[in-house]
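Inspection log for the structure reproduced underneath, given as structure tokens.
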Amino acid sequence: MRHGISTVLLEKHTRQHVLSRVRAGVLESGTVHELRDAGVAQRLDRERIEHGGVCLGDDNTDFRIDFRELSGRPVTVYGQTEITRDLYEALDRDCADIRHECPVVEIGNVETTQPHLLYRTRTGACRLDADFIVACDGYHGVGRRFVPTSHRTEFERRLPYGWLGILAEAPPVHHELVYSRSSRGFALASMRSQQLSRYYIQVPRQHDPKDWSDQAFWKEFRRRLPGRFADRLQTGPSIEKSIANLRAFVCGTLRFGRLLLCGDAGHIVPPTGAKGLNLAVSDVHYASNALVQYFHHGDLQGLDSYSRKALDRVWLAMRFSWWMTRMLHLDPQSDGFESQLRSAEFLHLRRAPGAQGMFAENYAGLPY
Ligand code: DHB
């Protein structure tokens with residue numbers, strides 16, 4: 001219970017499953033502030049790794065963009081799974097009502113003041129009545145479906161490639177992130193700690209992680225890193241290996257009556273730039289303020305403007321993630337003209353301080 005508002009959390013999976021999933025790991029300073037405000041940042045503040053910039057490179061060269069100098073804000077490396085663990089612990093301390101293995105099957109009456117949910121449990125079907133329902137159930141969740149299609153414009157683009165990611169027991173190749181635009185395809189060197197590396201390579205959409213041995217991954221990853229990093233790469237056993245296909249999706253309405261959509265339930269940006277989790281946090285910032293405003297003052301203004309405010313920020317992040325993705329990936333469907341333009345985009349970023357300033361502002365996170 002926060003701000004005197006009680007909540008029930010319904011989760012389709014087990015807690016163990018939720019905590020076993022490896023997700024993104026770069027937090028904007030706004031996200032860190034939100035977590036501190038919510039009182040769940042003690043471990044984050046002890047364990048986080050602050051990054052003042054990133055490296056971008058290609059086959060021949062690499063350069064650094066300095067966030068501290070250009071935007072005044074660093075970013076923080078701390079795994080999303082660790083945030084989830086911290087949130088669970090805070091909810092446990094609060095004796096919160098969390099119901100696992102309870103898939104929601106129906107959301108109803110959202111246009112009235114008494115919406116309800118129907119969900120399944122091991123022993124049968126249950127009903128829950130609420131004042132508001134907040135769908136935080138991801139792109140594949142059911143929440144969005146209960147915004148009627150007549151009120152739901154959807155914008156979607158799929159990209160013809162995915163990211164094969166591994167979490168490996170090996171020291172990171174560099175103390176900051178390295179984004180590489182190699183002629184063999186994109187590669188990204190990230191990390192979770194000084195002993196744990198998170199690395200990605202672009203692969204065709206239909207690839208299966210089972211087709212990629214650790215050895216094949218390391219060979220390809222090394223070939224895609226700018227030379228001075230490739231020479232330094234240390235490999236190690238992989239703990240996790242998975243493929244995420246790249247897509248851009250925005251649901252044009254994030255609120256219908258008393259149903260609110262937050263995070264991937266309402267939008268997905270391509271992962272380049274690590275905006276997904278940060279957008280979920282800004283959605284929750286707008287939505288929770290709106291709910292507090294309503295319950296404490298009977299004021300509907302925050303709820304009425306939730307969708308517009310959240311979507312403005314989503315589209316700004318989409319613009320950046322889409323641009324960064326297109327610039328850094330090899331696109332089998334694009335012609336020579338387009339490829340040359342992308343090379344020029346990269347050259348411009350390397351040479352123009354103004355372009356680096358734009359990059360730093362967006363990467364470090366736009367204001368709420
Ligand atoms: C990570 C993911 C991203 O999408 C990104 O742009 C940077 C880092 C990560 O998982 O560490």
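Numbering of ligands and ligand atoms starts at 1, following listing order.
In terms of protein heavy-atom proximity, atom 11 (O) of ligand 1 is closest to S190 OG, 2.5 Å. Counting only heavy atoms of the protein, atom 6 (O) of ligand 1 lies nearest to Y179 OH, 2.6 Å. The closest protein non-hydrogen atom to atom 4 (O) of ligand 1 is P271 O, 2.6 Å.
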Report the C-alpha separation of W315 and F320 in whole Å, then their side-chain angles, then the decisive distance to 0.1 Å, and conclude whether the side-chain contact (heavy atoms from CB on, under 4.5 Å) test is met.
CA-CA 9 Å; W315 277 111; F320 177 65; over 6 Å; no

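Distances below 4.0 Å separate heavy atoms of L177 from the following atoms of ligand 1: 7 (C), 8 (C). The ligand atoms of ligand 1 that sit less than 4.0 angstrom from a heavy atom of V26 are 7 (C), 8 (C). In the vicinity of W163, heavy-atom distances shorter than 4.0 Å reach the ligand 1 atoms 3 (C), 4 (O). Residue L188 has at least one heavy-atom neighbour below 4.0 Å for each of these atoms of ligand 1: 3 (C), 5 (C), 6 (O), 7 (C), 8 (C).
F346 and Y179 have their aromatic ring centers separated by at least 6.0 angstrom. Ring to ring, Y294 and F132 are close: their centroids are under 6.0 angstrom apart. In this structure, H51 has its ring center no closer than 6.0 Å to that of F67. Aromatic ring centroids of F249 and F155 lie 6.0 Å or more apart.
Taking each of Y78, Y199, Y200 in turn, the one with a heavy atom nearest to atom 1 (C) of ligand 1 proves to be Y200.
Below 3.5 Å of separation, one finds an N or O of G273 facing an N or O of ligand 1. At least one N or O atom of A274 sits closer than 3.5 Å to an N or O atom of ligand 1. For ligand 1, one of its N or O atoms has an N or O atom of R192 under 3.5 Å away.
In summary, the side chains of T76 and R48 do present a donor paired with an acceptor at a separation below 3.5 Å, with no hydrogens or angles considered.
For R313 and E28, the salt-bridge test passes: some basic side-chain N is under 4.0 Å from an acidic carboxylate O.
The cationic atom of R144 (NZ for Lys, CZ for Arg) lies less than 6.0 Å from the six-membered ring centre of Y139 and within 45° of the ring axis.
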